Number of protein chains: 2
Amino acid sequence: MGDVFKALADPTRRTILDELTERDGQTLFEICVRLANRHHLNLSRQAISQHLTVLEEAGMITIRRQGRYKFHHLDTTPLATIFERWPINREGQ
Amino acid sequence: MGDVFKALADPTRRTILDELTERDGQTLFEICVRLANRHHLNLSRQAISQHLTVLEEAGMITIRRQGRYKFHHLDTTPLATIFERWPINREGQ
DNA sequence: TTGACAGGCAAGTGAAGACTTGCCTATCAT
DNA sequence: ATGATAGGCAAGTCTTCACTTGCCTGTCAA
């Protein structure tokens, strides 16, 4: 499994996670359209595809293939490793 | 405030956070020695100093100056923004 | 007050990473 | 079968970033 922290390092990848949080199971083209329309991110299809690969290798995204479509599903369980590693100071609580 | 995700992206910076978790309030030289002895990370003092700057800008470290010493204190509260952004799937619970 | 200690500043190098362009494969409808 | 759709592969470019080297400043002890 790849690097969760490296996957989260890029702002475009974080926006992709935001979009999948709001609407899970999108295809590559759907993600392209939503990044362009809602976030003014006019990247090439390849650029976004490469981002999705990084997110998949980090375990943040699972792939479901159906015909010529490739659906992307969010998986936030790798984030738990962050909190297991460093305890959070909940100040004033 | 800087980028928490960018700060966590580098493995050396994550090791520094580990060391401060185990022993808080270390100076630059102490951190250098511990990285070398316990993690076989023989980096220059400048390299580690630059890492500490990134961590400080991200709000993960606070500085306390005393004479010619500069003590570094861990602050994990910025990590909370990660969990507020993406809800965690606690599978099987 | 002189030397040792703790740290800072800035330019330079080399590698990783984000993004593009061009071309190719596979699936589906007409 | 043919065109349109959804996606993949592989350079190549350009920027960011980690790290080093050299030199400078401030603090403390002898």
Side-chain angles (χ1 to χ4, degrees), chain A residues 1-20 23-37 39-73, chain B residues 1-20 23-37 39-73:
Chain A
M1 186 152 86
D3 192 344
V4 182
F5 301 99
K6 176 190 152 196
L8 293 175
D10 186 83
T12 301
R13 284 195 287 270
R14 297 196 292 265
T15 306
I16 291 175
L17 295 181
D18 290 339
E19 283 303 316
L20 289 179
R23 189 170 189 276
D24 199 34
Q26 296 187 63
T27 67
L28 171 58
F29 272 72
E30 287 177 302
I31 295 173
C32 287
V33 171
R34 286 172 77 97
L35 287 184
N37 291 345
H39 301 276
H40 307 288
L41 284 173
N42 289 86
L43 299 177
S44 71
R45 178 178 52 86
Q46 261 62 13
I48 298 178
S49 177
Q50 288 165 9
H51 281 307
L52 290 172
T53 300
V54 174
L55 287 169
E56 187 192 3
E57 288 176 347
M60 294 290 306
I61 278 184
T62 56
I63 302 298
R64 174 172 53 93
R65 291 186 183 271
Q66 183 175 343
R68 57 178 163 176
Y69 298 103
K70 184 188 168 199
F71 299 99
H72 302 83
H73 294 269
Chain B
M1 186 152 87
D3 193 343
V4 182
F5 301 98
K6 177 188 151 198
L8 293 174
D10 186 83
T12 301
R13 283 195 288 270
R14 296 196 292 267
T15 305
I16 292 175
L17 294 181
D18 290 340
E19 283 303 317
L20 289 179
R23 188 170 190 278
D24 200 35
Q26 296 187 64
T27 67
L28 171 58
F29 272 72
E30 286 177 302
I31 294 173
C32 287
V33 171
R34 286 173 77 97
L35 287 183
N37 291 344
H39 301 275
H40 308 286
L41 284 173
N42 289 85
L43 299 177
S44 69
R45 178 177 52 87
Q46 260 61 14
I48 299 177
S49 177
Q50 288 165 9
H51 281 308
L52 291 172
T53 300
V54 174
L55 287 169
E56 188 192 1
E57 287 175 346
M60 294 290 306
I61 279 184
T62 56
I63 302 300
R64 175 172 53 94
R65 292 185 182 273
Q66 182 175 344
R68 57 178 163 177
Y69 298 104
K70 183 189 167 197
F71 299 100
H72 302 83
H73 294 268

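Given the structure is predicted, the values throughout are model-derived calculations rather than measurements.
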**Q** Identify the heavy atoms of B:Asp24 and B:His72 that sit nearest to each other, and give their distance.
**A**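 Result for this residue pair: OD1-O, 3.8 Å.
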**Q** Could you tell me the separation between the CD atom of A:Glu30 and the P atom of D:dA6, rounded to a whole number of Å?
**A**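 Going from CD in A:Glu30 over to P in D:dA6 covers 9 Å.
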**Q** CZ of A:Arg45 versus C1' of D:dA10: gap in Å, rounded?
**A** 13 Å
**Q** Is there a side-chain polar atom (N or O) of A:Ser49 under 4.0 Å from OP1 or OP2 of D:dG7?
**A** no
**Q** Answer yes or no: does a side-chain N or O of B:His51 lie under 4.0 Å from OP1 or OP2 of D:dC17?
**A** no
**Q** Rounded to the nearest 0.5 Å, how far apart are OG1 of A:Thr15 and CG of A:Asp10?
**A**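 Going from the OG1 atom of A:Thr15 to the CG atom of A:Asp10 covers 8.5 Å.
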**Q** In whole angstroms, how far is the P atom of D:dA18 from the NZ atom of B:Lys6?
**A**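 The distance from NZ of B:Lys6 to P of D:dA18 comes to 7 Å, rounded to the nearest Å.
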**Q** Confirm from the modelled atom types if B:Gln50 and C:dG8 form a donor-acceptor pair under 3.5 Å, side chain to base only.
**A**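 No.
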**Q** What is the distance, to the nearest angstrom, from the CG atom on B:Leu28 to the P atom on D:dG26?
**A**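 To the nearest whole Å, that distance equals 18 Å.
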**Q** Let's see if you can work this out: which of D:dA10, D:dC28, D:dG7 has an atom nearest to the side-chain heavy atoms of B:Arg68?
**A**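 Selected nucleotide: D:dC28.
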**Q** Considering all heavy atoms of both residues, which atom of A:Ile48 and which atom of A:Cys32 are nearest to each other, and what is their separation?
**A** CD1-SG, 3.5 Å
**Q** Take atom CG of A:Leu8 and atom P of C:dG17, then tell me their distance rounded to the nearest Å.
**A**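 In whole Å, C:dG17 P lies 14 Å from A:Leu8 CG.
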**Q** What is the distance, rounded to the nearest whole Å, between atom CD of B:Gln66 and atom C1' of C:dC5?
**A**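 From B:Gln66 CD to C:dC5 C1': 16 Å.
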**Q** How long is the straight-line distance from CG of B:Asn42 back to CG of B:Asn37, given to the nearest 0.5 Å?
**A**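 Taking CG in B:Asn37 and CG in B:Asn42, the distance rounds to 8.5 Å.
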**Q** Would you say the side chain of B:Arg65 and the base of D:dG26 hold a donor-acceptor pair, judged only by whether the two atoms sit under 3.5 Å apart?
**A**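 Looking at the base of D:dG26, it does not pair with any donor or acceptor on the side chain of B:Arg65 (distance under 3.5 Å).
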**Q** Are any of the side-chain nitrogens in B:Arg13 or B:Asp18 under 4.0 Å away from the carboxylate oxygens of its partner?
**A**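 Answer for the salt bridge query: no.
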**Q** Among the nucleotides D:dA10, D:dC19, C:dG7, which one has an atom lying closest to any side-chain atom of B:Lys70?
**A** C:dG7
**Q** Using heavy atoms to find the nearest nucleotide of DNA chain D for A:Phe29 and B:Ser44 separately, return the residue whose nucleotide is more 5′.
**A**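 Per heavy-atom nearest nucleotide, the more 5' residue is A:Phe29.
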**Q** Does B:Thr27 or A:Gly67 map to a spot on DNA chain C nearer the 5' end, using the closest nucleotide for each?
**A** B:Thr27
**Q** Measure CG/B:Leu43 against P/D:dT21 and give the value in whole Å, please.
**A** 12 Å
**Q** How close or far is atom C1' of D:dT25 from atom CD of B:Gln46, stated in whole angstroms?
**A**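 About 13 Å, once rounded to whole Å.
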